[in-house]
Protein chains: 2
Amino acid sequence: MKNYSDTTYAILGILTTECKSGYAIKQLIDRSLNHFWKISYGQIYPTLKLISQEGLAEIRTSSNSGRPDKNEYYLTAKGLEVLKSWLEQPIVNFPAERNEVLLKLFFGHYQSQEKQILLLQNYKENLEKRYQTYIAIELAIQQDKNEDAMYWLFTLDYGKRTAQAAIDWCNATLEKLK
Amino acid sequence: MKNYSDTTYAILGILTTECKSGYAIKQLIDRSLNHFWKISYGQIYPTLKLISQEGLAEIRTSSNSGRPDKNEYYLTAKGLEVLKSWLEQPIVNFPAERNEVLLKLFFGHYQSQEKQILLLQNYKENLEKRYQTYIAIELAIQQDKNEDAMYWLFTLDYGKRTAQAAIDWCNATLEKLK
DNA sequence: CCGGTCATGTAATGTGTTACATGATTAC
DNA sequence: GTAATCATGTAACACATTACATGACCGG
């Protein structure tokens with residue numbers, strides 16, 4: 001079976017939910033997957049085109065009163081098969097996160113202690129905001145009673161745990177610097 | 001002041017250490033920064049060329065007996081200034097890590113419980129290996145007595161803490177699935 | 001009447017990986 | 001003798017972001 005990019009599989013996966021248009025896909029990712037997957041329209045629309053060209057989804061255009069036409073993509077049997085076979089394949093690349101904060105701290109020697117502390121405090125604040133966002137998304141999902149809810153909550157739990165570990169690290173490192 | 005890519009700043013930073021050639025830069029990154037920064041020769045050599053063209057470093061070629069000539073790059077005053085000013089700039093993009101494991105789990109509904117468990121167990125094993133690698137690097141750095149050692153250990157502590165949080169999450173999620 | 005939301009899409013640009021090319025030395 | 005290490009570099013390709021272009025509806 002042909003290989004597609006992870007972005008393609010991500011979109012294929014989202015097409016199994018009630019989100020069927022490019023716009024709706026973008027929204028779902030921004031609202032629910034944002035902590036581990038991002039995407040731009042510059043990827044979504046060309047990928048949707050590819051998906052339909054490959055026969056993985058069918059387009060149904062619904063003309064909304066006033067609003068622009070909405071192109072809705074429905075997975076074909078082949079599309080679902082491609083998605084499932086990707087899900088079953090073991091993961092090869094466990095990517096190392098690129099972290100600009102750590103990069104700057106790595107060269108901390110060339111910076112004043114004061115600036116180092118500001119860097120960490122700023123990072124900590126961002127992590128705390130992120131943590132609060134996760135809790136907000138969690139509450140929204142719990143109220144939705146979606147059948148995929150359990151899996152979505154798993155990913156949020158991951159986000160919360162790793163964010164908390166990073167916050168703890170900030171505190172510990174700030175202590176060491178002072 | 002001109003803006004360069006993070007990759008350029010990373011290389012500029014490494015040129016402050018005793019690693020001065022493309023080959024040595026690659027080694028340092030693979031050995032010490034690998035948990036939060038990766039790089040390929042396809043980036044290193046063109047970036048070094050840019051760095052010297054911009055007057056941020058000077059090339060000194062040393063012909064090694066037998067071995068290929070080694071191009072060593074020494075930061076100029078301008079290069080050091082560019083590095084320092086980047087270090088002081090606050091971080092704007094706190095990137096969300098792209099995580100293929102979470103992406104697959106997000107669509108867990110379309111997969112058997114058995115396969116989900118394998119996915120998590122596999123992930124956990126990889127995280128544990130990673131954790132052990134961090135400990136090994138930590139020991140190597142502690143013996144080196146480098147003046148930057150403190151900062152390098154900070155970044156490793158980050159790696160260990162977040163890896164441990166992810167391992168804990170795997171265990172908790174595996175429990176919930178069973 | 002102005003900003004936000006709904007809605008689709010392309011082009012230019014930036015960024016990064018992989019594969020290829022070369023070749024001597026060293027350790028087993 | 002053969003695999004790993006040392007050493008540099010390019011070309012093709014893959015992947016992603018940003019800016020641009022268009023335009024109607026809705027709420028305040």
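Reminder, nothing fancy here: chain letters follow the sequence lines and each chain counts from 1. Heavy atoms only: backbone and side chains are in, while hydrogens, waters and symmetry mates are out.
As a whole-Å value, the separation of B/Lys70 NZ from C/dT25 C1' is 14 Å. In this entry the distance linking CG of B/Asn3 with C1' of D/dT18 reads 15 Å, nearest Å. The separation between B/Asp6 atom CG and D/dT17 atom P is 15 Å, rounded to whole Å. When rounded to the nearest whole Å, the span between CG of B/Leu50 and C1' of D/dG9 equals 16 Å. A straight line from CG of A/Leu48 to C1' of D/dA16 spans 16 Å, rounded to a whole angstrom. Counting to the nearest Å, the P atom of C/dT8 and the CD1 atom of A/Ile11 are 12 Å from each other. The interatomic distance linking B/Glu100 (CD) with D/dC15 (P) rounds to 12 Å, in whole Å. The distance between atom OH of B/Tyr9 and atom P of C/dG14, rounded to the nearest whole Å, is 14 Å.
In this structure, B/Tyr134 has its ring center under 6.0 Å from that of B/His35. Aromatic ring centroids of B/Phe94 and A/Tyr123 lie under 6.0 Å apart.
In this structure, of D/dA7, C/dG9, C/dC6, it is C/dC6 that holds the atom nearest to the side chain of A/Tyr23. Here C/dG9 is the nucleotide among D/dC15, C/dG9, C/dT5 with the atom lying nearest to any side-chain atom of A/Asn71.
At least one side-chain nitrogen or oxygen of A/Thr7 sits closer than 4.0 Å to the OP1 or OP2 atom of D/dA16. Contact check, A/Lys49 against C/dT10: a side-chain N or O comes under 4.0 Å of OP1 or OP2. Dashed line: the shortest gap from a side-chain N or O of B/Arg98 to OP1 or OP2 of D/dC15 is not under 4.0 Å.
Every residue was checked against the salt bridge (Lys or Arg N to Asp or Glu O under 4.0 Å) condition with B/Arg130, not counting sequence neighbours, and none meets it.
Non-hydrogen atoms lying under 4.0 Å from DNA chain D are contributed by A/Ser40, A/Gly42, A/Gln43, all within residues 24-45 of chain A.
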Chi angles and distances behind the salt bridge (charged side-chain N to carboxylate O under 4.0 Å, His left out) call for B/Glu54, B/Lys2
CA-CA 10 Å; B/Glu54 294 277 317; B/Lys2 222 171 177 175; 2.9 Å; yes
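The aromatic rings of A/Tyr45 and A/Tyr41 lie parallel to each other, their planes meeting at an angle below 30°, with 60° marking the opposite boundary.
At a cut-off of 3.5 Å, with distance as the only test, no side-chain donor of B/Glu58 or B/Thr76 sits close to an acceptor on the other residue. Neither side chain, B/Asn71 nor B/Ser21, offers a donor N or O lying under 3.5 Å from an acceptor on the other.
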